[in-house]
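Chain A is the first sequence line, chain B the second, and so forth, proteins listed ahead of strands; every chain is numbered from 1.
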Amino acid sequence: MELSSTHISAYKRLVGFFAVFVALTAAVAVLGVVLGMLGSFIANGGTTLSWQFLTEFPRNSNTEGGIWPALAGTTFLVLLMTILGVPVGTATAVYLTEFAKQDSWFARSVRFAVNTLAGVPSIVFGLFGVGFFIQFMGDGIDSWLGTSSFGDGSLLWSSATLAVLTLPVVIVSVEEALRAVPRDLREASLALGATRWQTITKVVIPNAVTGILTGSILAVGRGAGEVAAILFVGVTYSSEVLPSNVTEKFMHLGYHLFVLSTQSPDVDKTLPLQYATTLVLLGLTFLLNLSAILIRSRLRKR
Amino acid sequence: MSHPFQRSNIRPGEWIAEWSIRLVASVSIIVIFLIFVFVFREAATLFTAKSATNAPAEVSANPSSNDMKPDTYSEEPDVYNPEAEEPSTASGEPGAPGQFIRLSKNPRYPHYYNPDTGLLPDDIDDETAEEVATASGDSGDILSRLSGDTWQPVGETPKFSVLPLITGTLKTTVIAILIGAPLGILAALYVAFFAKPRVREFVKPTIELLAGFPSVVIGFFCLVTVASFIQDITGVSYRLNAMVGGIGLSLAVIPIVFSIAEDALSAVPKTLQEASLALGSTEWQTAYRVMLPAAAPGVFAAVLLGIGRAFGETMIAIMATGNAPLTSLSPFEPARTVAATIGSEMGEVVWGSEHYGVLFFMGVMLFVFSFGLNAITELYVKKRLMKKFQGR
Amino acid sequence: MAKDFPVKIEAHGFNFHYATKQALFDITLTIPERRVTAFIGPSGCGKSTFLRSMNRMNDLIDGTYVNGHLMIDGVDVYSKDVDVVTLRRRVGMVFQKSIPFPKSIYENITYGLTLNEKVSKSALDEIVETSLRKSALWDEVKDRLHHSAQGLSGGQQQRLCIARAVAINPEILLMDEPCSALDPISTGKVEELINELKDTYTIVLVTHNMQQAGRVSDYTGFFLLGSLIEFDRTRTLFTSPSQKETEDYITGRFG
């Protein structure tokens with residue numbers, strides 16, 4: 001029996017080989033760009049990065065000094081966004097999977113809205129922040145309390161806007177995690193005389209906790225690097241002090257990078273600062289993504 | 001009658017817990033639907049408000065906001081001078097995007113502000129927004145200003161034609177998809193079918209790492225590296241242009257296309273692949289004739305979502321496209337996208353003004369378009385995929 | 001059929017509807033206390049639905065409703081003032097697939113016990129031991145009570161599920177094809193267990209295995225297309241069925 005490849009024409013083999021080669025090239029190209037970007041950031045920003053850079057205020061119209069207020073502002077923002085968004089998203093997902101009637105018109109339209117909202121551009125959420133949080137909520141609170149601190153962009157409204165931005169992501173991923181818990185487990189628990197609430201807290205959530213955590217962290221990671229959504233709801237390009245309460249404006253790493261690279265009077269002079277800021281921002285988001293990946297791989301092992 | 005199963009155990013703790021979940025869920029669901037309401041509501045002010053009282057209040061004689069005047073821009077080619085070593089000048093005028101967050105209550109002097117010193121000039125007039133607004137006067141109804149082919153929101157007769165912005169959006173989106181979709185799909189094909197498991201373990205997470213890059217970082221990379229690279233090989237006169245922006249957007253598109261296409265391709269049952277290989281087809285024939293068609297709806301969805309990401313992306317578009325509202329179709333001339341326009345002008349617009357309404361109106365355009373794309377993938381593609389694999 | 005036994009469960013003209021179709025038609029029967037009652041019939045005939053109606057597990061499916069009566073100790077389980085949770089604590093259930101919680105063996109058994117009350121450690125230890133002994137699992141697992149239950153074999157897992165159900169001391173034990181996923185040796189052990197448990201509990205068993213029904217049950221009901229065709233002592237039903245359909249089924253002419 002002839003087992004050589006002569007029965008497949010040389011032409012077809014060539015085409016096949018070429019096609020695989022093209023696919024390989026594409027993968028290598030993408031890989032190269034990712035690694036190249038990382039390499040360029042590290043090579044250009046690594047030397048500027050120092051403890052001082054992280055902990056000093058910027059000086060001389062952002063052309064010297066460090067990024068401390070931006071780093072702190074981003075951290076506050078992410079924390080507040082997480083506090084506002086993740087529990088609400090989780091509760092909504094619990095409601096949708098455990099409480100709502102699964103095939104009802106209501107549940108389906110909520111799910112549809114959530115899924116499609118996850119793909120709406122972040123700038124639209126920024127507009128929502130202006131229209132809803134600042135103008136509607138903020139002005140409303142101000143006229144109700146007689147204050148004047150809410151009807152303007154602030155750390156609070158930025159966090160709220162980002163919380164809404166990440167809400168669909170949190171809901172979708174937590175729902176996925178909850179759905180992955182087998183229906184049988186719920187039934188077994190209920191058959192033993194557990195109430196629905198006991199079943200949720202003792203069986204469903206403990207079994208989905210890794211998925212909930214990963215999903216939430218990935219959502220928070222998306223929010224941490226987001227700039228477009230907060231452009232008009234409270235970020236500022238320069239600040240002498242850290243925000244002392246949530247109604248003040250704040251600096252943000254991503255926005256700081258944007259300002260330095262496009263609006264600084266001497267862009268070349270601040271180029272090292274820009275690279276170093278990029279590294280810090282990337283480090284922050286990677287830290288979040290990495291922890292999600294680690295949690296997920298621990299889950300897979302189990 | 002009492003019996004052993006009598007409803008007796010009231011569980012107040014659980015009752016409270018369950019109702020708080022319902023309450024929180026209702027709040028978040030209401031907020032989700034409010035997004036639709038509020039973005040549309042603010043856009044509606046455009047058509048309900050009287051244009052005379054709401055004429056744009058920006059000070060027209062503003063020397064620092066020339067990025068908004070396409071005609072000034074073209075008269076000053078040095079702004080985009082290829083020889084200029086300043087990578088940022090194109091979009092970097094100190095009047096550009098979102099730098100000045102204005103109070104809704106005090107929209108005075110938005111452009112007299114000096115970003116370097118943080119001070120207002122001494123000779124500033126003490127006129128209020130209203131005075132400026134009445135001074136600039138009515139300039140025809142809104143529809144006439146929405147037509148035409150010039151986007152010039154600041155000036156005595158503001159022109160709000162979205163045509164150049166749509167041209168810019170289309171230009172950059174098409175470039176981004178032409179680059180991003182094939183790369184993403186081919187890379188997914190490689191990872192899903194041809195790569196050895198150990199290679200896949202490295203390649204897949206690395207490409208997915210790109211999804212974690214904040215868009216401002218990608219924008220920065222394009223601004224400093226891609227722009228110079230493109231200029232070096234093509235010698236174009238505008239350092240920042242639609243091509244650089246498109247490449248930047250493609251970097252945002254690739255991870256989306258890649259991971260969705262990879263999911264769809266990996267979801268094709270292994271038995272199909274084995275059956276095809278067992279019939280004597282080559283690896284490529286199997287991939288091309290069997291696997292790709294089977295995963296086609298998923299790959300299609302990947303491209304659709306990639307398009308959605310490309311036209312809605314703001315920071316990359318602001319930083320890398322040159323940000324000039326031209327109607328030119330040339331990929332090597334600057335462009336300005338709808339999203340970038342909102343991003344760079346919303347920060348300094350007088351809230352409630354006509355310009356503000358136009359920006360919200362463009363937000364609605366983005367919203368509706370991306371929502372439509374998502375709805376198509378949600379309703380149509382998922383159904384098709386299910387049909388295919390479940391034989392229904 | 002004469003009532004020669006104390007009645008535990010009683011159905012009168014019981015109908016069950018899923019959202020779009022009726023699954024049970026006019027079921028009337030009486031199930032004796034402390035005996036094993038088996039339901040047989042081709043798949044989709046409603047026997048599992050009927051079983052799951054007894055502890056109202058079907059409530060979990062949207063859009064279902066019932067009419068007629070289904071009574072346990074003379075109380076209609078679908079009446080408004082019945083607390084489902086209390087009902088389920090008295091009517092234990094073992095499922096087709098063995099589904100231990102991803103917790104330790106010990107925690108699996110104590111799960112139902114500790115839900116509503118504080119139980120002392122020593123009392124828990126005792127209950128764990130007796131339930132495991134009752135389900136003939138004690139000797140196999142006593143040295144690894146705190147290991148994960150998912151490390152047990154399929155047969156052991158199913159007996160653990162029985163022990164878990166027994167631990168909350170129900171009056172009735174519903175078993176939904178408990179052996180369909182087990183090998184013959186494990187099946188034998190579970191059947192032996194059923195035999196021992198019937199002194200304490202009223203057992204209702206759904207099975208698609210007629211030999212099993214013949215081996216372990218005292219009474220057998222035959223379901224077909226949502227109706228109860230025949231209900232009688234097992235020996236009578238298998239040796240001299242009164243209905244044509246029953247005879248066809250047990251002689252293997254369909255199903």
Checklist entry - Can you tell which of B:Tyr356, B:Phe193, B:Phe258 has the highest number of heavy-atom pairs within less than 4.5 Å of chain A? => result B:Tyr356

Item to check | Contacting moiety of B:Ile256, where chain A heavy atoms sit under 4.5 Å | outcome: neither

Checklist entry - Of the listed residues (A:Phe112, A:Phe18, A:Phe17), which shares the most heavy-atom pairs with chain B below a 4.5 Å separation? => result A:Phe112

Next on the checklist: Is A:Ile200 close to chain B through its backbone or its side chain, or both, or neither, when contacts mean heavy atoms under 4.5 Å?
Outcome noted: neither

Item to check | Worked verdict on B:Phe221 versus A:Thr278 for side-chain contact (heavy atoms from CB on, under 4.5 Å) | outcome: CA-CA 9 Å; B:Phe221 179 71; A:Thr278 306; over 6 Å; no

Checklist outcome for this item: With chain A, the option among B:Val199, B:Val24, B:Leu366 that has the most non-hydrogen atom pairs under 4.5 Å is B:Val24

Next on the checklist: Is A:Phe99 in contact with chain B via its backbone, its side chain, both, or neither, using a 4.5 Å heavy-atom distance?
Outcome noted: side chain

Next on the checklist: Under a 4.0 Å threshold between the charged nitrogen and the carboxylate oxygen, would B:Glu18 count as salt-bridged to A:Arg196?
Outcome noted: yes

Item to check | Gap between atom CD of B:Glu313 and atom OG of A:Ser122 - 0.5 Å precision | outcome: 6.0 Å

Checklist outcome for this item: One option among A:Thr195, A:Leu167, A:Leu281, A:Thr285 has the most heavy-atom pairs under 4.5 Å with chain B, and it is A:Thr195

Item to check | Contact class of B:Val191 relative to chain A, heavy atoms under 4.5 angstrom | outcome: neither

Item to check | Verdict with supporting geometry, B:Glu42 and A:Leu127, side-chain contact (heavy atoms from CB on, under 4.5 Å) | outcome: CA-CA 9 Å; B:Glu42 296 296 322; A:Leu127 292 179; over 6 Å; no

Checklist entry - So, for B:Phe220 and A:Phe258, is the gap between ring centers shorter than 6.0 Å? => result no

Checklist entry - With a cut-off of 6.0 Å (strictly less than), are more than 12 heavy atoms of other residues, nucleotides or ligands near CZ of A:Phe136? => result no

Next on the checklist: Is there a side-chain contact between B:Pro214 and A:Leu282 in this structure, where contact means two heavy atoms from C-beta onward sitting under 4.5 Å apart?
Outcome noted: yes

Next on the checklist: Can you give me the closest heavy-atom contact between A:Leu31 and B:Phe202, atom names plus distance?
Outcome noted: CD2-CE2, 3.8 Å

Item to check | Non-hydrogen side-chain atoms of B:Thr225 and A:Met37 separated by less than 4.5 Å | outcome: no

Checklist entry - Can you name the closest pair of heavy atoms from B:Phe367 and A:Leu117 and give their distance? => result CZ-CD1, 4.0 Å

Checklist entry - Among B:Ser215, B:Gly212, B:Gly363, which has the most heavy-atom pairs under 4.5 Å with chain A? => result B:Gly212

Checklist outcome for this item: Interatomic distance, OH@A:Tyr95 vs CG@B:Leu23, rounded to 0.5 Å, equals 11.5 Å

Item to check | Between B:Leu189, B:Ile29, B:Val39, B:Leu251, the one whose heavy-atom pairs under 4.5 Å with chain A are most numerous | outcome: B:Ile29

Checklist entry - So which of B:Ala17, B:Gly308, B:Ala339, B:Gly13 has the largest heavy-atom pair count under 4.5 angstrom toward chain A? => result B:Ala17

Next on the checklist: Can you tell me how the ring of B:Phe213 sits relative to the ring of A:Phe41, calling it parallel under 30°, perpendicular over 60° and tilted otherwise?
Outcome noted: tilted

Checklist entry - Heavy-atom distance under 4.5 Å to chain B: side chain of A:Val164, backbone, both or neither? => result side chain

Checklist entry - Would a 4.5 Å heavy-atom cut-off, applied to side chains only, mark A:Ser261 and B:Met319 as touching? => result yes

Next on the checklist: When you compare the side chain of B:Ile32 with that of A:Ile171, does any pair of heavy atoms fall below 4.5 Å?
Outcome noted: yes

Item to check | Per-residue contact mode, B:Ile254 against chain A (heavy atom under 4.5 angstrom) | outcome: side chain

Checklist entry - Is there side-chain contact between A:Trp197 and B:Ile21, with at least one heavy-atom pair below 4.5 Å? => result yes

Next on the checklist: If I measure from the heavy atoms of chain B, does A:Phe106 come under 4.5 Å with its side chain, its backbone, both, or neither?
Outcome noted: side chain

Item to check | Exercise: identify the closest heavy-atom pair between A:Gly225 and B:Val216 | outcome: O-CG1, 4.5 Å

Checklist entry - Measuring from B:Thr314:OG1 to A:Leu231:CG, what's the distance to the nearest 0.5 Å? => result 7.5 Å

Next on the checklist: Using every non-hydrogen atom in the two residues, find where B:Tyr190 and A:Ala27 come nearest and quote the distance to one decimal.
Outcome noted: CD2-CB, 3.5 Å

Next on the checklist: Test side-chain contact (heavy atoms from CB on, under 4.5 Å) on B:Phe33 and A:Val110; report intermediate values, then the result.
Outcome noted: CA-CA 9 Å; B:Phe33 286 108; A:Val110 169; 4.1 Å; yes

Next on the checklist: Please identify, among A:Ala113, A:Gly119, A:Gly138, A:Ser238, the residue contributing the most non-hydrogen atom pairs under 4.5 Å to chain B.
Outcome noted: A:Gly119

Item to check | chain B contact via A:Val33 - side chain, backbone, both or neither, heavy atoms under 4.5 Å | outcome: side chain

Checklist outcome for this item: Honestly, the part of A:Gln274 sitting under 4.5 Å from a heavy atom of chain B is both

Checklist entry - What part of B:Phe36 gets closer than 4.5 Å to chain A, counting heavy atoms only: side chain, backbone, both or neither? => result side chain

Checklist outcome for this item: When every non-hydrogen atom of B:Ala187 is compared with those of A:Ala26, the smallest separation belongs to N-CB, 4.0 Å

Checklist outcome for this item: Cut-off 4.5 Å, heavy atoms of chain B, and the answer for A:Leu288 is neither

